[in-house]
Amino acid sequence: LNIAELYALTTLQALEHLERLDVSTDPASSILVEEITSRLKFLVDVGVGYLALSRLTRTLSGGEAQRVGLATVLGASLSGTLFVIDEPTVGLHPADVPKLMNAIKGIRDRGNTVVVVDNHPDCVAAADRIVDLGPGAGEEGGRLLFRGEPRDLAALSESSTSTLFLPSSSTARER
């Protein structure tokens, strides 16, 4: 493919194309393809594999822009940094949530602190620790309801977050 044809592909298509290339005989090309492939993999891992490489940044939704930024962080290999990620699962296909959680854990595993503000059940369940404030929003909120591990959250009756873990709740998976 020429550069224009490559640029027209989605991030997933470009990744698949570059992974099929045999550049083993050219050290410079190998390094270049490895770096590009690594960055494309991060984009796919955070759930934006469907975005065309030619897509303008200003046309991205808030969630897409945040995930592209997250992929940039993943590629930067930072450590000793505090990351605050606000609702990364918004607009994300359910099948991509586990990949996103693994990407976030990868940031944590490099020695960073990651604070995620989200109420997606899989996101909450993937947390190492939960801080639940409430019981409501605005003047009704702001009180510490829970601090601990996800498995201990279900016992908390006044928290709407705890209903995410109650199998008897009809809304447990709808939230």
### Task
Just jot down the salt bridge (Lys or Arg N to Asp or Glu O under 4.0 Å) partners of Asp128, sequence neighbours excluded, or say none.
Arg108
### Test side-chain contact (heavy atoms from CB on, under 4.5 Å) applied to Ala14 - qualifying residues, sequence neighbours left out
Leu6, Leu9, Leu40, Leu53
### Message
Looking at every heavy atom in both Ile130 and Ala127, which two are closest together, and how far apart are they?
### Response
CG1-CB, 4.1 Å
### Task
Only counting residues at least two apart or in another chain, list the ones meeting salt bridge (Lys or Arg N to Asp or Glu O under 4.0 Å) with Arg151.
Glu149
### Task
State whether the number of non-hydrogen atoms from other residues, nucleotides or ligands found under 6.0 Å of Leu82 atom CG is greater than 12.
yes
### Task
Please round to the nearest 0.5 Å and tell me the distance separating atom CD1 of Ile107 and atom OG of Ser79.
12.5 Å
### Worked verdict on Leu145 versus Leu133 for side-chain contact (heavy atoms from CB on, under 4.5 Å)
CA-CA 5 Å; Leu145 299 176; Leu133 302 173; over 6 Å; no
### Query
Can you name the nearest heavy-atom pair linking Ser30 to Ser24, along with the distance?
OG-CA, 3.9 Å
### Query
Between OG1 of Thr37 and CG of Leu18, what distance do you get to the nearest 0.5 Å?
4.5 Å
### Summary
dist Thr89:OG1 -> Glu87:CD (nearest 0.5 Å) comes out at 7.0 Å
### Query
Which value, rounded to the nearest 0.5 Å, describes the distance between Arg20 atom CZ and Leu15 atom CG?
9.5 Å
### Partners meeting side-chain contact (heavy atoms from CB on, under 4.5 Å) with Thr72 (sequence neighbours left out)
none
### Task
Identify the heavy atoms of Asp118 and Cys123 that sit nearest to each other, and give their distance.
CB-SG, 3.7 Å
### Task
List for me each residue that meets salt bridge (Lys or Arg N to Asp or Glu O under 4.0 Å) alongside Asp132, sequence neighbours excluded, and say none if there are none.
none
### Query
Is there any salt bridge (charged side-chain N to carboxylate O under 4.0 Å, His left out) pair reaching into residues 64-82, and which pairs are they, with sequence neighbours excluded?
Arg55-Glu64
### Query
Residues in side-chain contact (heavy atoms from CB on, under 4.5 Å) with Arg58, at least two apart?
Leu56
### Any residue meeting salt bridge (Lys or Arg N to Asp or Glu O under 4.0 Å) with Arg39, in chain and number order, not counting sequence neighbours
Glu35
### In one Ile/Leu/Val/Met/Phe/Trp/Tyr side-chain cluster, 4.5 Å: Val117, Val124
no
### Query
Do the side chains of Ile31 and Leu21 join up, straight or via other hydrophobic residues, at under 4.5 Å, putting them in one cluster?
no
### Message
Quick check for you: to the nearest 0.5 Å, what is the distance between His17 atom NE2 and Glu5 atom CD?
### Response
9.0 Å
### Query
Can you list the residues that meet the side chain to side chain donor-acceptor pair (under 3.5 Å) rule with Lys99, with sequence neighbours excluded?
Asp96
### Shortest non-hydrogen contact between Asn112 and Gly80, atoms and distance
OD1-N, 3.0 Å
### Message
Could you see if Leu78 belongs to whatever hydrophobic cluster contains Val46? Use Ile, Leu, Val, Met, Phe, Trp, Tyr and a side-chain cutoff under 4.5 Å.
### Response
yes
### Leu1-Leu12 co-clustered via ILVMFWY side chain contacts under 4.5 Å
no
### Task
Work out which heavy atom in Gly49 is nearest to a heavy atom in Val44; give both atom names and the distance.
CA-CG2, 4.0 Å
#### Entry: Set of residues satisfying side-chain contact (heavy atoms from CB on, under 4.5 Å) with respect to Ser54, sequence neighbours excluded
Tyr7, Ala52
### Task
In sequence, state the C-alpha distance, the side-chain angles, and the governing distance for Ile85 and Val114, and then conclude on side-chain contact (heavy atoms from CB on, under 4.5 Å).
CA-CA 7 Å; Ile85 305 170; Val114 183; 3.8 Å; yes
### Query
Which distance, rounded to the nearest 0.5 Å, do you find between the CG of Leu51 and the OG of Ser61?
8.0 Å
### Message
The criterion is side chain to side chain donor-acceptor pair (under 3.5 Å); which residues satisfy it with Glu19, sequence neighbours excluded?
### Response
none
### Query
In chain order, what residues pass the side chain to side chain donor-acceptor pair (under 3.5 Å) check against Asp26, with sequence neighbours excluded?
Ser29
### Nearest heavy-atom neighbours spanning Asp152 and Phe146
O-CE1, 3.7 Å
### Query
With the 4.5 Å side-chain cut-off for hydrophobic clustering, are Leu32 and Leu43 part of the same group?
yes
